[in-house]
Amino acid sequence: MHSPTDRVTLVRRALDHDLAGAAEVTVEAFVGDGHTRPGSDYVELLRDAARRNREAEVLVAVDRAGGSVLGSVTFAAGGNPWADIARPDEGEIRMLAVGTAARGRGVGRALVSAAIDRSRELGLAGMAFSTRPTMTAAHRIYDALGFVRTPERDWAPAPGVDLMVYTMRF
């Protein structure tokens, strides 16, 4: 079944001409929503969509009419350097971001669904990923798609940066 979002949004692996837009929406979302401090080292990782696409996979949601990037997510299979928490048989998403102007249109859900599909295409047994407690809009997407909180896998990559883990088994 297709949603109205399908008619206006295309989700696919980022092409070279999408990378600047992917970087822009990712920095906009993480800095603008207060999840990351401007000028931090993490902002540079967010901004380097080309590197993320070379070393992992950047998936983008693009507007079918104008081709602009509405949102993006980085996907990595367990064992990839971009996978922080995924086990070898799991996929992981990082840096899920939807531009402010595209929010409420199902873009985040479409990106997460595409990552689930990618995990299945690779024959993985599930997914695991981290999220900050303050990312409540993303949590609603994860819950709606059937992910479950897995607190025994929660972790902190740095002091004061507490991350919650969500998982899904196929």
Side-chain angles (χ1 to χ4, degrees), residues 11 13-14 22-23 25-49 51-61 70-100 102-104 106-170:
V11 178
R13 174 86 186 256
V25 298
T26 306
V27 172
E28 172 192 331
F30 276 73
V31 173
D33 292 346
H35 302 302
T36 302
R37 289 184 330 274
S40 70
D41 290 342
Y42 196 63
V43 170
E44 292 313 308
L45 281 178
L46 297 173
R47 194 178 315 283
D48 198 349
R51 176 181 170 201
R52 289 187 279 127
N53 201 40
R54 275 191 318 273
E55 297 174 3
E57 298 179 33
V58 174
L59 305 176
V60 291
L70 305 173
S72 72
V73 68
T74 299
F75 173 83
N80 179 293
W82 286 91
D84 284 332
I85 196 74
R87 295 176 178 151
D89 68 340
E90 296 173 327
E92 182 170 337
I93 57 172
R94 304 246 340 252
M95 304 168 184
L96 173 65
V98 177
T100 305
R103 293 185 181 173
V107 172
R109 183 183 180 106
L111 287 162
V112 175
S113 293
I116 293 168
D117 291 346
R118 185 68 181 124
S119 292
R120 287 185 169 132
E121 286 171 11
L122 293 172
L124 301 174
M127 291 185 64
F129 54 86
S130 307
T131 182
R132 297 201 59 171
T134 55
M135 296 177 166
T136 56
H139 301 168
R140 286 191 296 274
I141 294 169
Y142 307 146
D143 292 338
L145 289 173
F147 287 94
V148 295
R149 276 282 294 119
T150 312
E152 64 274 14
R153 290 176 70 178
D154 290 355
W155 64 297
V161 181
D162 297 320
L163 298 177
M164 303 165 35
V165 174
Y166 278 79
T167 61
M168 173 187 280
R169 299 305 286 175
F170 304 142

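No hydrogens, no waters, no symmetry mates; every other heavy atom, side chains included, goes into these values.
The side chain to side chain donor-acceptor pair (under 3.5 Å) check on Ser40 picks up nothing, with sequence neighbours excluded. By the salt bridge (Lys or Arg N to Asp or Glu O under 4.0 Å) test, Arg149 pairs with Asp154, sequence neighbours left out. Residues satisfying the salt bridge (Lys or Arg N to Asp or Glu O under 4.0 Å) criterion with Arg94, sequence neighbours excluded, are Asp84. When the salt bridge (Lys or Arg N to Asp or Glu O under 4.0 Å) test is applied to Arg54, no partner is found at least two apart in sequence or on another chain. Among residues two or more places apart in sequence or in another chain, the side chain to side chain contact (heavy atoms under 4.5 Å, CB included) test is passed with Ala114 by Val11, Leu59. Residues passing the side chain to side chain contact (heavy atoms under 4.5 Å, CB included) test with Asn53 are Arg13, Ala14, Leu19, Val58, sequence neighbours excluded. Scored by the side chain to side chain donor-acceptor pair (under 3.5 Å) test, Glu152 finds no partners at all (sequence neighbours excluded). Every residue meeting the salt bridge (Lys or Arg N to Asp or Glu O under 4.0 Å) condition with Arg51, not counting sequence neighbours, appears here in chain and number order: Glu55.
Atom CG of residue Leu45 and atom OG1 of residue Thr26 lie 11.5 Å apart, to the nearest 0.5 angstrom. Here Ile141 contributes atom CD1 and Thr136 contributes atom OG1; the two are 10.5 Å apart, rounded to the nearest 0.5 Å. Here Leu46 contributes atom CG and Thr36 contributes atom OG1; the two are 5.5 Å apart, rounded to the nearest 0.5 Å. Distance CZ/Phe30 to CG/Leu96: 7.0 Å, rounded to 0.5 Å.
Counting only residues at least two apart or on different chains, the salt bridge (charged side-chain N to carboxylate O under 4.0 Å, His left out) pairs with a member in residues 25-42 are Asp33-Arg103. Evaluation of the side chain to side chain donor-acceptor pair (under 3.5 Å) test over residues 110-127, restricted to residues two or more places apart or in two chains, returns Glu57-Arg118, Arg118-Glu121.
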Test side-chain contact (heavy atoms from CB on, under 4.5 Å) on Val161 and Tyr42; report intermediate values, then the result. CA-CA 12 Å; Val161 181; Tyr42 196 63; over 6 Å; no
Identify all side-chain donor-acceptor contacts of residues 162-170 below 3.5 Å with residues at least two apart in sequence or on another chain.
from   : atom 1 : to     : atom 2 : distance (Å)
Thr167 : OG1    : Thr150 : OG1    : 2.6
Arg169 : NH1    : Glu90  : OE2    : 3.2
Arg169 : NH2    : Asp89  : OD2    : 2.9

N/O donor-acceptor pairs under 3.5 Å from side chains in residues 124-135, not counting sequence neighbours:
from   : atom 1 : to     : atom 2 : distance (Å)
Ser130 : OG     : Trp155 : NE1    : 2.7
Thr131 : OG1    : His139 : NE2    : 3.2
Arg132 : NH1    : His35  : O      : 3.0
Thr134 : OG1    : His35  : ND1    : 3.2

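Residues Ala22 and Ser72 share a closest heavy-atom pair of O-OG, 3.7 Å. Taking each heavy atom of Ala56 and Ala76 in turn, the nearest pair found is CB-CB, 4.2 Å. Heavy atoms only, all atoms of each residue included: Gly71 and Val25 are closest at CA-CG2, 3.9 Å. Smallest separation of non-hydrogen atoms from Leu111 and Val60: CD2-C, 3.8 Å. Scanning both residues, Ala83 and Ala86, for their nearest heavy atoms gives CB-CB, 4.2 Å.
A 4.5 Å side-chain heavy-atom check between Val43 and Val27 finds at least one atom pair inside the cut-off.
With hydrogens and angles ignored, the 3.5 Å screen pairs no side-chain donor or acceptor of Arg87 with any backbone N or O of Gly78.
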